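Here it is: the structure, laid out below.
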Amino acid sequence: MVTMILSLFVFALVINIKTVPLIKESERLTAEIRVLEEKNASLYYQIESQTTFEHIQQKANELNLKPISPHQMEHIHLHHANIN
């Protein structure tokens, strides 16, 4: 009985030792994703804040975005600045 309890304790300890680094890595990756999402949102805002098509094309080229032809573009007229 004691051997069985000791075996279960060792097993639980091994599982804990193996999962702690995975949990820390998961937390690190989650934080990195948050930073990248913020950077992505900032880059989109920079592109959207450009006033001319030429500025938008230039910024898209700087970001290595794939160009599209004008007939593939869709123009949306915004009436309010409060866009979420």
Side-chain angles (χ1 to χ4, degrees):
M1 181 73 166
V2 173
T3 306
M4 182 180 199
I5 292 173
L6 186 58
S7 296
L8 289 174
F9 175 76
V10 170
F11 178 73
L13 185 61
V14 168
I15 294 296
N16 190 30
I17 289 170
K18 290 191 177 271
T19 57
V20 168
L22 294 175
I23 292 169
K24 289 184 180 192
E25 179 69 6
S26 175
E27 291 170 350
R28 185 190 69 76
L29 290 172
T30 300
E32 187 177 334
I33 287 170
R34 245 178 286 142
V35 169
L36 291 172
E37 286 173 341
E38 290 173 10
K39 184 176 180 180
N40 191 40
S42 174
L43 292 172
Y44 273 114
Y45 175 75
Q46 288 177 18
I47 289 175
E48 289 175 353
S49 66
Q50 299 299 320
T51 57
T52 66
F53 179 72
E54 289 77 22
H55 285 132
I56 293 172
Q57 277 188 320
Q58 180 183 359
K59 190 63 177 180
N61 288 338
E62 290 172 10
L63 297 173
N64 294 322
L65 297 176
K66 179 182 171 188
I68 61 172
S69 65
H71 75 276
Q72 292 175 305
M73 294 179 193
E74 193 172 308
H75 298 278
I76 301 172
H77 298 283
L78 304 177
H79 299 288
H80 301 287
N82 293 339
I83 299 174
N84 295 330

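Bear in mind the structure is a predicted one, so any value in this text is a computation, not a measurement.
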Notebook entry, point to check: Considering residues at least two apart in sequence or located in another chain, which fulfil the side-chain contact (heavy atoms from CB on, under 4.5 Å) criterion with Thr3?
Noted result: Ser7
Checklist line | Set of residues satisfying salt bridge (Lys or Arg N to Asp or Glu O under 4.0 Å) with respect to Glu32, sequence neighbours excluded | finding: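 Applying salt bridge (Lys or Arg N to Asp or Glu O under 4.0 Å) to Glu32 gives Arg28.
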Checklist line | Lys59 bridged to Glu62 by N-O distance under 4.0 Å | finding: yes
Checklist line | Results of side-chain contact (heavy atoms from CB on, under 4.5 Å) for Leu43 - residues two or more places apart only | finding: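 Testing Leu43 for side-chain contact (heavy atoms from CB on, under 4.5 Å), a comparison that skips the adjacent residues, returns Lys39, Gln46, Leu63.
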Notebook entry, point to check: Of all residues at least two apart in sequence or in a different chain, which pass the side-chain contact (heavy atoms from CB on, under 4.5 Å) check with Asn16?
Noted result: Thr19, Val20
Next item on the list: Linking directly or through intermediates, with side-chain heavy atoms under 4.5 Å: list the remaining ILVMFWY members grouped with Ile15, chain and number order.
Entry: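 Grouped by the 4.5 Å side-chain rule, Phe11 form the rest of the cluster around Ile15.
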Notebook entry, point to check: Judged by atom type as modelled, is there a donor-acceptor pair below 3.5 Å linking the side chain of Thr30 to the main-chain atoms of Ser26?
Noted result: yes
Check: Under the 4.5 Å side-chain heavy-atom rule for ILVMFWY, direct or indirect, which residues accompany Met1?
Finding: Ile5
Next item on the list: Sequence neighbours left out, what passes side-chain contact (heavy atoms from CB on, under 4.5 Å) with Val14? Give chain and number order.
Entry: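 Partners of Val14 under the side-chain contact (heavy atoms from CB on, under 4.5 Å) test: Val10, Lys18.
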